[in-house]
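Working notes, beginning with the structure itself.
Order of the sequence lines fixes the chain letters, A, B, ..., with proteins taken first and strands second; residue numbering starts at 1 for each chain. Bear in mind the structure is a predicted one, so any value in this text is a computation, not a measurement.
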2 protein chains.
Amino acid sequence: MSKGETGSYSIGALAEATDTKVETVRYYERIGLLPEPGRTAGNYRAHTEDHLARLSFIRRARDLGFTLEQIRALLGLADQKDKDCRVVDAMARGQISAIDRKISDLRALRRELSDLLGQCRQGTIADCRIIGALSPCE
Amino acid sequence: MSKGETGSYSIGALAEATDTKVETVRYYERIGLLPEPGRTAGNYRAHTEDHLARLSFIRRARDLGFTLEQIRALLGLADQKDKDCRVVDAMARGQISAIDRKISDLRALRRELSDLLGQCRQGTIADCRIIGALSPCE
DNA sequence: TCTGCACCCTGTAGTCACTTCAGGGTCAAG
DNA sequence: CTTGACCCTGAAGTGACTACAGGGTGCAGA
């Protein structure tokens with residue numbers, strides 16, 4: 001599970017370094033998000049530092065809630081260093097407002113559920129407020 | 001799109017009444033969440049009030065963030081009116097803590113993204129802080 | 001009566017981001 | 001020389017729908 005002496009990473013090493021599952025790394029390669037690495041004599045993948053950097057970027061962006069398609073776009077942009085970064089900025093802003101929407105939805109939902117719970121007096125299901133609140137005819 | 005004079009609902013009427021897509025209603029039927037309705041002479045589905053009630057329950061629970069499998073369980077419970085409702089209560093509590101977890105994850109994420117945005121000075125991609133923060137070698 | 005249109009039917013495949021599985025091959029340690 | 005950890009491929013499964021192809025039904029207007 002460590003970097004080989006030739007400076008290449010096995011898929012397991014790469015996965016461990018980026019907190020990714022091995023299958024997920026192969027998946028990213030399959031969908032063309034990660035370039036195909038070279039192979040060893042025994043047909044094992046031999047990833048480079050570049051693969052590591054790219055995979056780190058992908059995972060970090062995923063953690064920030066970007067979709068794989070957004071990440072594909074970001075990776076495309078990141079290669080064009082002379083263009084201005086307004087596009088990247090706009091994507092980040094869009095991401096933030098999506099997050100704000102999700103948070104307020106979740107808060108509303110939480111309020112509703114805890115109101116329901118507050119009314120629950122541990123009786124039988126026949127007079128359970130939670131079931132009752134979900135059913136339309138009550 | 002209205003309730004027929006025999007008191008049955010077409011799939012479109014049922015969908016509209018519960019703010020569901022027609023395909024989703026058929027999907028719920030296919031996976032056994034909604035019982036198979038009767039059919040008209042022309043092989044159209046003819047849903048009853050019971051279908052409407054059950055579908056309302058499903059949609060409402062979905063809106064509250066329950067999974068279809070949890071809903072299947074809730075529907076099973078709702079039919080056993082003499083049992084005590086501690087199970088239902090526990091499911092609601094579990095749901096609330098899952099929501100709390102999601103909210104705090106999203107808040108952390110939001111903070112991180114807006115820190116990034118705050119540093120963005122609309123230069124070229126080469127010195128874009130967002131791209132930079134995602135890349136490992138900076 | 002014909003025609004057009006909105007609605008309905010079935011079955012299949014696509015979505016997203018993975019995960020799991022079956023059925024093998026490779027490699028280093030003991 | 002065998003054991004066990006790791007690796008390989010290709011296909012299928014997950015959740016909760018959504019979309020599409022290729023039809024049939026029902027009703028209003030011309």
Sugar-phosphate only, base, or nothing, as touched by A:Arg62 at under 4.0 Å among non-hydrogen atoms: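 Touches sugar-phosphate only.
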Below 4.0 Å: OP1/OP2 of [N] and any side-chain N or O of [X]:
X	N	answer
A:Tyr28	C:dC18	yes
B:Lys21	D:dA16	no
B:Thr24	D:dT18	yes
A:Arg26	D:dC8	yes

I need the [atom1]-[atom2] distance between [X] and [N], as an integer number of Å.
X	N	atom1	atom2	answer
A:Tyr9	D:dC7	OH	P	15 Å
B:Glu29	D:dT18	CD	C1'	17 Å
B:Tyr27	C:dT15	OH	P	17 Å
A:Leu14	D:dC6	CG	C1'	15 Å
A:Phe66	C:dA17	CZ	C1'	17 Å
B:Ile58	D:dC17	CD1	C1'	14 Å
A:Ile31	C:dT15	CD1	P	12 Å
B:Asp63	D:dC17	CG	C1'	14 Å

Of residues 36-45 of chain A, the positions that come close to DNA chain D - non-hydrogen atoms, cut-off under 4.0 Å: A:Arg39, A:Asn43, A:Tyr44, A:Arg45
Step-by-step side chain to side chain contact (heavy atoms under 4.5 Å, CB included) determination, B:Leu113 to A:Phe66: CA-CA 11 Å; B:Leu113 265 174; A:Phe66 289 94; 4.1 Å; yes
Exam field: side chain A:Thr40 to backbone A:Tyr44, donor-acceptor pair closer than 3.5 Å: yes
Same cluster (ILVMFWY, side-chain, under 4.5 Å), B:Leu33 and B:Tyr9: yes
Lys/Arg N to Asp/Glu carboxylate O, B:Arg26 vs B:Glu29, below 4.0 Å: no
Residues A:Asp89, A:Arg93: salt bridge by 4.0 Å N-O rule: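 Salt bridge between A:Asp89 and A:Arg93, a charged N being under 4.0 Å from a carboxylate O: yes.
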The single option from A:Arg59, A:Arg54, A:His51 passing side chain to side chain donor-acceptor pair (under 3.5 Å) against A:Tyr28: A:Arg59
Side chain of A:Arg30 - closest among D:dA16, C:dT19, D:dC7: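 Closest of the options to the side chain of A:Arg30: C:dT19.
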Atom pair OG (B:Ser97) and NZ (B:Lys102), whose distance is rounded to the nearest 0.5 Å: 11.0 Å
